[in-house]
**Student:** 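The following block contains the structure, expressed as structure tokens.
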Amino acid sequence: MPRPGFAPRWAAAAGRWGRRLLALLLLLLAPGPGGASEITFELPDNAKQCFYEDIVQGTKCTLEFQVITGGHYDVDCRLEDPDGKVLYKEMKKQYDSFTFTASKNGTYKFCFSNEFSTFTHKTVYFDFQVGEDPPLFPSENRVSALTQMESACVSIHEALKSVIDYQTHFRLREAQGRSRAEDLNTRVAYWSVGEALILLVVSIGQVFLLKSFFSDKRTTTTRVGS
Amino acid sequence: MWRPLLLFVALCAAGTRGLYFHIGETEKRCFIEEIPDETMVIGNYRTQMWDKQKEAFLPSTPGLGMHVEVKDPDGKVVLSRQYGSEGRFTFTSHTPGEHQICLHSNSTRMALFAGGKLRVHLDIQVGEHANNYPEIAAKDKLTELQLRARQLLDQVEQIQKEQDYQRYREERFRLTSESTNQRVLWWSIAQTVILILTGIWQMRHLKSFFEAKKLV
């Protein structure tokens with residue numbers, strides 16, 4: 001029991017510890033601005049597009065990207081930390097996944113570049129996962145244990161999330177295959193018609209050229225056979 | 001120790017949505033969402049303008065507008081609206097396929113904007129992620145377990161819709177492949193026939209030419 005004389009010092013100490021406890025509580029209970037951003041965008045030729053995100057130190061992040069349509073289906077990707085240090089750099093990649101833990105607070109930047117391509121524009125999909133997904137109940141008291149039903153629900157939820165993730169990847173690969181098939185279809189059409197025309201023109205041209213070799217040099221007009 | 005914590009709390013308080021990018025004055029940025037039908041998409045954005053004097057982005061700029069245009073897979077415009085500097089747009093797809101969401105600013109304050117750039121925070125949630133569960137729980141008065149079950153039901157529904165869409169896409173892919181197959185087949189036959197016919201014509205024509213020239 002503190003004596004009256006000590007009350008102000010004790011109160012000050014209590015105040016300090018109270019603030020620290022509050023800070024600790026905030027850090028534990030309030031999740032980081034977590035979540036995932038899944039975006040598909042078009043990258044024109046000779047272009048570079050950058051995205052930024054403010055990340056708190058210690059958060060586990062994953063960047064996954066895939067090129068869906070365009071050219072050789074590859075793109076340059078580069079991920080930098082707030083100090084400009086390059087964490088990940090790959091040239092001409094079709095698909096990759098990179099996980100890292102944020103070593104410092106600040107703005108992380110990742111860029112996709114199509115500068116090596118002269119006329120094909122690409123469609124790029126990326127999924128940037130920062131931290132954990134926000135919980136279902138914002139005011140959830142994490143200290144209490146989940147019942148068996150609730151833990152079953154949580155594990156089913158996680159399993160379904162991975163099913164949806166696989167479905168997304170499958171859809172992207174299928175889109176890639178379908179885009180190639182449609183390209184092939186149009187190319188076959190144009191080249192077939194083109195080749196048939198060239199064939200006709202060359203055959204008829206050959207005959208007339210050959211006839212011109214045997215033409216009478218004395219006469220000015222060449223006799224064109226029936 | 002305090003500064004990162006304060007920054008973190010400030011970030012949460014400011015409601016900073018995760019991802020952002022920079023956009024030029026009249027630049028149009030388009031995003032593609034390939035979704036099955038009857039799927040809801042919610043997009044949230046927030047813009048900040050670059051202030052040349054302060055060399056920083058202003059926290060919020062009134063009077064700055066963003067035009068949002070959404071097109072369905074057939075190219076028809078589903079949504080075309082002007083929102084303020086901070087806005088939220090929603091649409092539901094009625095045909096499965098690639099929907100295009102385009103954003104561009106039409107700021108009237110060109111003087112301030114000259115040579116500047118705009119920072120756009122964007123967050124697009126599709127299908128099950130678009131649901132606001134605390135709101136649903138409050139509206140339908142669900143217990144925790146019922147809410148979890150509802151979330152699982154929504155997820156499974158999304159998976160089913162995606163699979164239906166997959167079947168539709170696979171059919172399109174199959175039609176394209178069969179069309180390519182048919183084209184290759186018929187055009188190869190046609191080219192062979194043309195080759196044979198022109199060969200025969202060439203020989204007959206030259207023969208009659210040489211006979212007329214009395215060379216054979």
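Side chains included, hydrogens not; waters and symmetry mates left out as well; all remaining heavy atoms used. Here is how names work: the chains are called A, B, and so on, in the same order as the sequence lines, proteins then strands, and each is numbered from 1.
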**Student:** Would you call the rings of Y52(A) and Y20(B) parallel, tilted or perpendicular if under 30° counts as parallel and over 60° as perpendicular?
**Tutor:** parallel
**Student:** Taking C-beta and beyond as the side chain, do E174(A) and F173(B) meet within less than 4.5 Å on heavy atoms?
**Tutor:**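 A side-chain contact exists here, since the closest heavy-atom pair is under 4.5 Å.
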**Student:** Report which part of E33(B) has an atom under 4.5 Å of a heavy atom belonging to chain A: side chain, backbone, both, or neither.
**Tutor:**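 For E33(B), the side chain is the part near chain A, not the backbone.
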**Student:** When you measure from the side chain of Q202(B) to the backbone N and O of I204(A), does any donor-acceptor pair fall under 3.5 Å?
**Tutor:** no
**Student:** Any heavy-atom pair between the side chains of T40(A) and E34(B) that's under 4.5 Å?
**Tutor:** no
**Student:** So what's closer than 4.5 Å to chain B heavy atoms on F170(A): side chain, backbone, both or neither?
**Tutor:** side chain
**Student:** Measure W201(B) against the heavy atoms of chain A and call it side chain, backbone, both or neither at under 4.5 Å.
**Tutor:** side chain
**Student:** Could you check whether N185(A) and T176(B), counting side-chain N and O atoms only, form a donor-acceptor pair closer than 3.5 Å?
**Tutor:** no
**Student:** Quick check: does any side chain N or O of K211(A) sit under 3.5 Å from a backbone N or O of L206(B), one acting as donor and the other as acceptor?
**Tutor:**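 Looks like no, no N/O pair under 3.5 Å.
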**Student:** Quick check: are there more than 12 heavy atoms from other residues, nucleotides or ligands sitting under 6.0 Å from NE2 of H121(A)?
**Tutor:** no
**Student:** Can R29(B) and E42(A) be counted as an ion pair, charged N to O under 4.0 angstrom?
**Tutor:** no
**Student:** So which part of Q163(B) gets closer than 4.5 Å to some heavy atom of chain A, the side chain, the backbone, both or neither?
**Tutor:**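 Q163(B) touches chain A through backbone and side-chain heavy atoms alike.
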**Student:** Less than 4.5 Å to any heavy atom of chain A: does that hold for the side chain of R119(B), its backbone, both, or neither?
**Tutor:**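 Interface part for R119(B): neither.
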**Student:** Non-hydrogen atoms of chain A under 4.5 Å away: do they reach the side chain of I159(B), the backbone, both or neither?
**Tutor:**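 Contact with chain A involves both backbone and side-chain atoms of I159(B).
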